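Sequence lines set the chain letters: A, B, ... in the order given, protein chains first and strands last, and positions in each chain run from 1. None of the values given here were measured: they were computed from a predicted structure.
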Amino acid sequence: MTTYRTRHGGTLRADDVGAEVQLAGWVARRRDHGGVAFIDLRDASGIVQIVVNPDEAPASSEVLRSLRTEFCISVTGRVRARPEGTKNPEMVTGEIEVAVAILDVLSAADVLPFQLDDRFDADEVRRLKYRYLDLRRDRMAANLRARSAVIRAMRHVMEERGFLEVETPTLVVSTPEGARDMLVPSRLRPGQFYALPQSPQLFKQLLMVAGVERYYQIARCYRDEDFRSDRQVEFTQLDLEGSFWDQEGVLDTLEAIAAGVVREVRGVDIPRPIPRMTYNEAMTRYGTDKPDVRFGMEIQNLDELFADSEFRVFADNMASGGTVRGLNVGNQGLSRTGFDKLVDQAKDLGAKGLFWMVVEQNGSVRSPVAKFLRSEELTGLVSAMEAQPGDALLVVADDFHTAVGVLGQLRLDLGQPARHDDLEFLFIVDFPVFEHAADGGLAPAHHPFTAPVDVEEMRTSPDTAISKSYDMVLNGAELGSGSVRIHDPEVQAQVFEILGISQEQAQARFGWFMEALRYGTPPHAGFAIGVDRLVAILQNEPNIREVMPFPKTQTGADPLTGAPGRVDEGQLEELGIEVRADVKAEWSASQTDAVPSESS
RNA sequence: GGGGGCGUGGUGAAGUCUGGAGUUCACGCCGGCCUGUCAAGCCGGAGGUCGCGGGUUCAAAUCCCGUCGCUCCCGCCA
């Protein structure tokens, strides 16, 4: 057996002075003074300074001249205290150094395609193409460790609470509802396809029927939709479900998970209990179902103030059932042009218009619409918005969802969290069964297995019916959602019907599942937490790619491996699949697409 | 499907608005000097088809059109 090392360099301290050690790692930096030379040796534990002195180790000194950045090396030497005046208080290993006796090159390295230096943020495609080098950087290595710590903390809470880890299939049947499925063709059944799971939803419910009672899984999930900074086609969730459980049980467990994770990664305790807010309250105060409550700037209801306004826009809006909402965005130092841009932005977001006012030093209000408003309306506005001189007030008159939606978006654009490392967890509860779709109609807000508070209410008052579902929000990001599930097959059938899924459709797609519900299904509830988003926020990263070891680009490509790639005709033949001629024509037109290699 | 931004030696940027010699800065690389540095220092050097294609012009990194790649956002994500 070859011994590569007896210690990890980053763990050496003053206590180790005098010890003979063998270390192995990478050359993070080399400082060659012609005679004595220094190497910053990096391994998974950190960095320690290696000293090579030609008087003490002439052969090693020769080897050192050949070293370049990121060579993989092994050194044997003695730990010693650094001479007075040369200690480095910036490094945890800064009091000591290792005097080299033997220096071996385990593996040479080519000149790097980019510098592993946090001073430079190299082009991301290049970083992804050489991800194995990118991951050597401190920031990336720290993100990998944080991700591991998050999952470790999650497992700890789940195991402590008696949850059973169960793996569910990743080759499942496709259901056309919801997001697009990632499809996998079947060779044994040509022309048929598996889908990669969007979530283990139905399998975990089957586990409840199976009597598992407490289930969890660190589950890879797939949704074939367009990418965002917080969305990749494959992502990881902590998926959990429990029987004889209700919303309170789930939220209590989620709180323990959040607390455990933050303690593990940040070393601090979050305030408990995690605050709760109803969906309606969140929409009214923040214009979104995932409010960032790290800063105030809440939306104000101005209906009473402008109830009998003579300003045509307000009066007409009121008459048509609309509402007037305002937002005090503080002193933004906006110019006329700046306000004009906000007005354009509001219109892009769907508002009919946006009115702005600035409170002058003497308390008067400057605004293009000031002349249409009575003086008591203006003073009432200033007091309702708790406006100080210099503050800018934005007002939208529209239907409720447009008004709060537009102001909620402007709030996010103009507001600033007080401290960037704050963590504000929040539960949003009492979601509606249906939400307002872009076309003005109603669309199901959740998957069809979510229990309504009252089925009849769902049928008779779809616009106000509430479901037993809940979200967890952190710093304005949706971390996950869950619900109490339907465990009664009769209720499930009715819900399908109300959602517009015909009995035939329901039977064809979910018959196997509905049948399972008929064998003594316990009441159950569950949740899924997005691991990537959680880690990204904890690490102050702007997107989830930074906390995924091998993520894909926005167009779903992996610059390192070349995935997705074409496959040869023989493979397609076996699958009973043919690529359409017009698609092949586009292949030859574009030369940047990956082509399968001749070998293999 | 739509809107915005970016693409300049190996890396990161400035230059582009207002066309005038591939100009500049930092890092890296190569060579030399240097025995206490720690983002070592000093001296010297090499290295670019300004993403790609077309157009305008006496002249294009710069203006126009197209295209490719990346990215942010909207749609989408039950």
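A donor and an acceptor atom, one from each side chain of A:R228 and A:Q554, are nowhere located under 3.5 Å apart. For A:Q49 and A:R31, the side-chain atoms include at least one donor-acceptor pair closer than 3.5 Å. Side-chain atoms of A:D239 and A:Q217 include no donor-acceptor pair closer than 3.5 Å.
Nucleotides B:G53 and B:A61 are separated by 13 Å at their P atoms, to the nearest Å. For the P atoms, the distance from B:C27 to B:A40 is 11 Å, rounded to whole Å. Here, B:A21 and B:A60 have their P atoms 11 Å apart, quoted to the whole Å. Atom P of B:G15 sits at a distance of 29 Å from the matching atom of B:U56, rounded to the whole Å. Between B:U16 and B:A78, the two P atoms lie 46 Å apart (nearest whole Å). The separation of B:A14 from B:C6, taken at their C1' atoms, amounts to 15 Å, rounded to a whole angstrom. For B:G1 and B:C76, the P atoms lie 15 Å apart once the distance is rounded to whole Å. Comparing the same atom, C1', in B:U24 and in B:G47 gives a spacing of 16 Å after rounding to whole Å.
Across all strands shown, B:C25 is found opposite B:G12 as a Watson-Crick or G-U wobble partner, with both distances under 3.5 Å. Base pairing of B:G7 is made with B:C68, judged by Watson-Crick or G-U wobble geometry with both donor-acceptor distances under 3.5 Å. The nucleotide B:G19 finds no pairing partner, because no Watson-Crick or G-U wobble arrangement with both distances shorter than 3.5 Å includes it.
In this structure, A:D55 reaches the bases: a heavy-atom distance under 4.0 Å links it to at least one base atom across the strands shown. Residue contacts shown for A:P448 include a base, since a base heavy atom lies under 4.0 Å away. Across all strands, A:E56 comes closer than 4.0 Å to no nucleic acid atom at all (heavy-atom distances). Counting any heavy atom pair closer than 4.0 Å across all strands shown, A:A445 reaches sugar-phosphate atoms only and no base atom. Residue contacts for A:K87: at a heavy-atom cut-off of 4.0 Å it reaches a base atom on one of the strands shown. Within the nucleic acid shown, A:D121 comes within 4.0 Å of sugar-phosphate atoms alone, with no base atom in reach, counting heavy atoms only. Nucleic acid contact for A:R42: none, since no nucleic acid atom lies under 4.0 Å from a heavy atom of the residue.
If you check distances only, the side chain of A:Q49 does reach the base of B:U37 with a donor-acceptor pair under 3.5 Å. For A:D226 against B:G75, a side-chain-to-base donor-acceptor contact under 3.5 Å is present. The base of B:G12 is not paired with the side chain of A:R127 by any donor and acceptor separated by under 3.5 Å. Between the side chain of A:Q115 and the base of B:G10 there is at least one donor-acceptor pair of N/O atoms closer than 3.5 Å. A donor and an acceptor atom never sit less than 3.5 Å apart when one is taken from the side chain of A:R29 and the other from the base of B:C38. Side-chain atoms of A:N88 come within donor-acceptor range of the base of B:C38, with a qualifying N/O pair under 3.5 Å.
One finds no side-chain N or O of A:T86 lying less than 4.0 angstrom from the OP1 or OP2 phosphate oxygen of B:U37. Side-chain N/O atoms of A:R228 include one lying less than 4.0 angstrom from OP1 or OP2 on B:C74. Considering only side-chain N and O atoms, A:R126 lies nowhere under 4.0 angstrom from the phosphate OP1 or OP2 of B:G69. For B:C70, the OP1/OP2 oxygens have a side-chain nitrogen or oxygen of A:T555 closer than 4.0 Å. Within the structure, a side-chain polar atom (N or O) of A:Q554 is placed less than 4.0 Å from OP1 or OP2 of B:C72. At least one side-chain nitrogen or oxygen of A:R31 sits closer than 4.0 Å to the OP1 or OP2 atom of B:A40. Of the side-chain N and O atoms in A:R68, one or more sit less than 4.0 angstrom from OP1 or OP2 of B:C30. An OP1 or OP2 oxygen of B:C76 is reached within less than 4.0 angstrom by no side-chain nitrogen or oxygen of A:R180.
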Check against side-chain contact (heavy atoms from CB on, under 4.5 Å), A:L133 and A:E70: CA-CA 9 Å; A:L133 296 177; A:E70 295 303 318; 5.6 Å; no
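Comparing A:V51 and A:Q409 by the nucleotide of RNA chain B that holds the closest heavy atom to each, the one mapping nearer the 5' end is A:V51. Positionally, the nearest nucleotide of RNA chain B for A:A122 lies more toward the 5' end than for the other of A:P54 and A:A122.
Between A:L112 atom CG and B:C30 atom P there is a gap of 11 Å when expressed in whole angstrom units. Atom CG of A:D110 and atom P of B:G28 are 18 Å apart (whole Å). Regarding A:R65, its CZ atom lies at a distance of 12 Å from the C1' atom of B:C33, rounded to whole Å. Rounded to whole angstrom, the span from the CZ atom of A:R30 across to the P atom of B:C38 amounts to 16 Å. The distance from atom CG of A:D123 to atom P of B:G7 is 11 Å, rounded to the nearest whole Å. Here B:C74 presents its C1' atom at 14 Å from CG of A:D230, a figure rounded to the nearest Å. Summarising the geometry, the separation between NE2 on A:H33 and P on B:G36 is reported as 7 Å, rounded to the nearest angstrom. A:L116 has its CG atom 17 Å from the P atom of B:C27, to the nearest Å.
Shortest non-hydrogen contact noted between A:S45 and A:G9 is OG-N, 3.8 Å. Taking all atoms of both residues into account, the shortest heavy-atom contact from A:V172 to A:L196 is CG2-C, 4.3 Å.
Comparing B:U35, B:G75, B:C70 by their closest approach to the side chain of A:A557 singles out B:C70. Of the candidate nucleotides B:C73, B:G10, B:C76, B:C76 has the atom nearest to the side chain of A:E225. Between B:C77, B:C38, B:C73, one nucleotide has an atom nearer to the side chain of A:A179 than all others, and that is B:C77. Comparing atom distances between the A:R223 side chain and each of B:C73, B:G36, B:A78 picks out B:A78 as nearest. Out of B:G36, B:C70, B:C76, the shortest distance to the side chain of A:P83 is found at B:G36.
Stacking between A:H446 and the base of B:A78 is absent under the criterion of ring centres within 5.5 Å and planes under 30 degrees. In this structure, A:F114 forms no aromatic stack with the base of B:U11, since the conditions of centre separation below 5.5 Å and plane angle below 30° are not both met.
Side-chain contact between A:F449 and A:Q492: present, with at least one pair of heavy atoms (C-beta onward) separated by less than 4.5 Å.
Checked against the 6.0 Å centroid threshold, A:Y222 and A:F235 do not count as a close aromatic pair. The aromatic ring centroids of A:Y470 and A:F427 lie 6.0 Å or more from each other.
The side chain to side chain donor-acceptor pair (under 3.5 Å) with A:H524 is formed by just one residue from the set A:H487, A:K204, A:Q205, A:R485; it is A:Q205.
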